[in-house]
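Just so it is clear: chains get the letters A, B, ... in the order the sequence lines come, proteins before strands, and each one is counted from 1.
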Amino acid sequence: MEAKTKATLIHWFRKGLRVHDNPALMQIFTTAQAAPKKFYVRPIFILDPGILDWMQVGANRWRFLQQTLDDLDKQLRQLNSRLYVVRGKPIEVFPRLFKSWNVELLTFESDIEPYAQTRDAAVQKIAKAAGIKVETHCSHTIYNPELVIAKNLGKAPITYQKFLALVEKLKLAKVLDKPEKLDALTQPSRDELEQENDKVYDCPSQEQLVKKPNELGPNIFPGGETEGLRRMEDSLNDELWVARFEKPNTAPNSLEPSTTVLSPYLKFGCLSSRLFYQRLKEILAKHPKHSQPPVSLVGQVLWREFYYTVAAAEPNFDRMLGNVYCLQIPWQEHPEHLEAWTYGRTGYPFIDAIMRQLRQEGWIHHLARHAVACFLTRGDLWISWEEGQRVFEQLLLDQDWALNAGNWMWLSASAFFHQYFRVYSPVAFGKKTDPQGNYIRKYCPELANYPNKQIYEPWLATLQAQREYGCVLGEDYPHRIVKHELVHKENIKKMSEAYKINREVRTGKQEDSMLNDDNDELEDDRSATGKRKGNKAAGAAKRRRK
DNA sequence: GTCGGAGTTGATATG
DNA sequence: ACATATCAACTCCGA
C-alpha cells in the first residue's frame with residue numbers, strides 16, 4: 001500500500017494542552033521537520049465517549065475542555081498541523097491508529113496520577129508489541145516529582161520547607177518556545193484525508209461535550225492556551241503587585257478575584273507552570289524587596305509542586321484508608337448535612353455564598369476553599385474530607401487529583417497540617433475582608449436586604465425584622481444546620497482523641513495490626529468514610545511510619 | 001531519646 | 001490600623 005511509504009509521528013495530548021513549552025510535541029515536530037518527506041505529524045487527543053456519563057466532571061469543566069481543544073486545534077493549524085480528536089478508549093484506539101497510520105513514534109507528557117499511570121503502562125505495552133517507539137517527557141510540573149523523591153533518598157518530603165530545600169538544589173529545565181511552522185509535506189494530502197474521512201477527527205462541539213447545558217454558569221474563565229497566556233500576561237503586568245503578593249493578604253470574598261485565577265489553565269496545561277515560574281523569576285529579579293515562599297506567587301506555584309511530589313509517592317493519595325500520609329479519623333456520615341453543604345444551604349451565609357459561587361462559576365479563592373473545607377470536616381460537620389473532595393472534583397475548573405486531595409487533607413488536619421485547634425469561624429473569617437457582606441449579597445441574593453450587622457448571622461434578626469428584609473429563615477433561607485460556637489469545641493476534642501489514638505498506634509501496641517496489614521492492602525471500598533474497625537485503623541496508621 | 005522552634009493564611013481581647 | 005498575648009496544644013525536624 002502506498003500509504004505505508006510514509007511513517008506517522010504521534011503526539012498524544014492529555015494534560016499539557018498547549019503548543020508552547022511542550023517538549024513531547026516539540027520532539028515530533030523537530031523530527032518531522034528534519035525529514036518532511038519521510039514523516040507525517042499527527043497530534044491527537046483521545047476522547048472516550050463513555051466517560052461523559054460517569055466521570056465526575058461538571059458542565060463548566062466540560063465547556064472549559066471543549067474551548068481548550070478548539071483553541072489547541074487553532075494553534076496547531078497556525079503551525080501547519082491540526083488536532084486529531086480520536087473517539088474511543090486509548091487501549092482500543094492505539095492498535096487501530098498504529099496500523100492505519102503506520103506509526104513510528106509516539107510521544108506524550110508523563111503523568112503521576114494512578115489512573116494515568118495504569119493507562120500509560122497499557123499503551124506502552126501495546127506500542128512495544130507493535131514495535132513502536134514511545135518517548136515521554138516531564139513537563140506538567142517545574143520539577144520532576146520522581147527526581148525530588150530520589151533526591152530525598154526515595155521518600156517524599158512531607159513538609160513544605162523540606163521540599164523547598166530539596167528543589168533549591170535541582171536544575172531547572174529549559175522553557176521551550178512553540179515549535180516552528182511545519183513543512184506542508186508533513187501533512188497528509190487532501191485525497192488521503194478524504195479517504196480516511198478526516199471529519200471524524202474534528203473537535204467536539206459544546207453540545208457534544210456538555211450534556212447538561214442547564215448547569216452551565218457564566219463563562220468567566222474560558223478555556224484555552226490563548227486565554228491562559230493572556231491571563232498570565234495580564235497578571236504579570238503589574239510588577240509591584242507580583243513582587244509584593246502575599247496570599248494571606250488576598251481576599252477570599254472579593255467580587256472580582258483577588259488572585260490570578262491561573263489554576264484552571266495550569267491544571268489542563270494550557271499554561272506551562274515552567275513558563276509562569278520563569279516569568280515570575282524574571283520580574284522578581286528587578287524587585288529585590290519581594291515577598292517569599294510560602295506566601296509569595298512563586299510560593300503558590302511551589303505548593304503545586306509540593307502536592308505533586310507527595311502524591312506521586314502514594315497511589316491512595318485521594319483516600320484516608322491505606323494512605324501513608326493520612327491520619328485515621330472517625331468521620332461520620334450525615335447525608336442531610338452533606339447535601340446542605342454541597343448546595344449552599346447550611347444557613348451560614350458566608351459558607352453558602354462560597355459553595356454557590358463554586359457551583360456557578362467553577363472557581364473560588366483558596367481561602368474560601370479553606371473556610372468551606374474546615375466547615376465540612378473538623379470545624380463543624382465532622383464529615384469525611386473525601387466527600388468534600390468529590391464535590392470539588394465535580395465543580396472546580398482547576399480540579400487536580402494531587403492538589404485537591406492534598407489540600408483536603410491539609411484542611412481537615414489529616415496530613416501536612418496539624419494545628420487542628422485553629423478553626424475558621426464561618427461568621428468571623430469573611431468579615432475581615434468584606435464587612436459589608438457584598439459577596440454574600442451577590443451569591444445569596446435572598447439575604448440582600450439584611451443589614452451589615454446581621455448579614456453573616458441572619459439568625460440574630462427577629463422574625464419581624466426577617467419579614468421586613470423579605471427573607472424569613474426556614475422559608476426563604478435555611479436555619480443554620482449546626483451551632484458553630486458549640487460544635488467546633490466538641491470537634492476539637494474529637495480531633496484530640498483521634499490524634500491520641502493515631503499516636504498510640506504509631507508508637508505502642510502494634511501486635512494486632514501485624515495480622516491485618518495484608519487485608520488493608522486489599523481494601524478497595526472507595527466510599528468508606530472511616531467507620532473502620534480499630535485494628536484496620538491501626539494497620540493503616542502503622543504503615544504511616546514506614 | 002529529648003527538647004525547643006517552626007509551621008502559607010484562627011479567633012478574640014487588649015494595647 | 002496594627003501588634004501582641006492568650007487560648008490549649010498538634011507534628012516534624014534538627015540540635
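Taking the six-membered ring where the residue is Trp, W401(A) and F317(A) present tilted rings, their angle falling between 30° and 60°. Between F416(A) and F306(A), the two ring planes are perpendicular [angle over 60°; tilted spans 30° to 60°]. Ring geometry for W331(A) versus W382(A): interplanar angle of 30 to 60°, hence tilted. Below 30°, between 30° and 60°, or above 60°: for F64(A) and F268(A) the angle between ring planes is below 30°, a parallel geometry.
Residue-to-nucleotide proximity on DNA chain C shows that, of Y499(A) and P157(A), the 5′-proximal contact is made by Y499(A).
Within residues 256-267 of chain A, no residue places a heavy atom under 4.0 Å from DNA chain B.
Defined by atom type and a distance below 3.5 Å, a donor-acceptor pair is present between the side-chain atoms of D400(A) and Y308(A). E305(A) and Y277(A) share no donor-acceptor pair across their side chains, judged by distance under 3.5 Å alone.
Between dT4(C) and dA6(B), the two P atoms lie 15 Å apart (nearest whole Å). Nucleotides dA9(C) and dG1(B) have their P atoms positioned 26 Å apart, rounded to a whole Å. Straight-line distance between the P atoms of dA5(C) and dG5(B): roughly 15 Å, to the nearest whole Å. With both ends at atom P, the span from dT2(B) to dA8(C) equals 27 Å, rounded to whole Å. The same atom, P, is picked in dT8(B) and in dG14(C); the two are 14 Å apart, to the nearest Å. Here, dC10(C) and dT12(B) have their P atoms 23 Å apart, quoted to the whole Å. Separation of the P atoms belonging to dA1(C) and dT9(B) is 23 Å when rounded to the nearest angstrom.
Rounded to whole Å, atom C1' of dA8(C) lies 9 Å from atom CD1 of I492(A). Atom NZ in K489(A) sits about 13 Å away from atom P in dA9(C), given to the nearest Å. Distance, K431(A) NZ to dA1(C) P: 16 Å, rounded to whole Å. Between the C1' atom of dC7(C) and the NE2 atom of H488(A) lies a distance of 10 Å, rounded to the nearest Å. When rounded to the nearest whole Å, the span between CG of N502(A) and C1' of dA9(C) equals 16 Å. Rounded to whole Å, the distance from CG on N152(A) to C1' on dC12(C) is 13 Å. Between the C1' atom of dA11(B) and the CD atom of E457(A) lies a distance of 13 Å, rounded to the nearest Å.
Looking at every heavy atom in both residues, A461(A) comes nearest to Y469(A) through CB-CE1, 4.2 Å.
Stem list for DNA chain B (at least 3 consecutive Watson-Crick or G-U pairs, distances under 3.5 Å): B:2-7 with C:10-15, B:10-15 with C:2-7.
Within 4.0 Å (heavy atoms only), I158(A) reaches sugar-phosphate atoms of the nucleic acid but no base atom.
Considering only residues two or more places apart in sequence or on other chains, H484(A) meets the ring-ring contact (aromatic ring centres under 6.0 Å, His included) condition with H488(A). Here E246(A) pairs with nothing under the salt bridge (charged side-chain N to carboxylate O under 4.0 Å, His left out) rule; sequence neighbours left out. Not a single ring-ring contact (aromatic ring centres under 6.0 Å, His included) links F276(A) to another residue, sequence neighbours left out.
Residues F375(A) and W341(A) place their aromatic rings such that the two centres sit no closer than 6.0 Å. Here Y348(A) and W459(A) bring their ring centres to under 6.0 angstrom of each other.
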Please produce a list of atom pairs where a protein N or O lies less than 3.5 Å from an N or O of nucleotides 3-10 of chain B.
{"residue": "dT8(B)", "atom": "OP2", "partner": "Q161(A)", "partner atom": "NE2", "Å": "3.0"}
{"residue": "dT8(B)", "atom": "O2", "partner": "P294(A)", "partner atom": "O", "Å": "3.1"}
{"residue": "dT8(B)", "atom": "N3", "partner": "W303(A)", "partner atom": "NE1", "Å": "3.4"}
{"residue": "dT8(B)", "atom": "O4", "partner": "H366(A)", "partner atom": "NE2", "Å": "3.0"}
{"residue": "dT9(B)", "atom": "O2", "partner": "P248(A)", "partner atom": "N", "Å": "3.0"}
{"residue": "dT9(B)", "atom": "O4", "partner": "H366(A)", "partner atom": "NE2", "Å": "3.1"}
{"residue": "dT9(B)", "atom": "O4", "partner": "H370(A)", "partner atom": "NE2", "Å": "3.2"}
{"residue": "dG10(B)", "atom": "N7", "partner": "R422(A)", "partner atom": "NE", "Å": "3.4"}

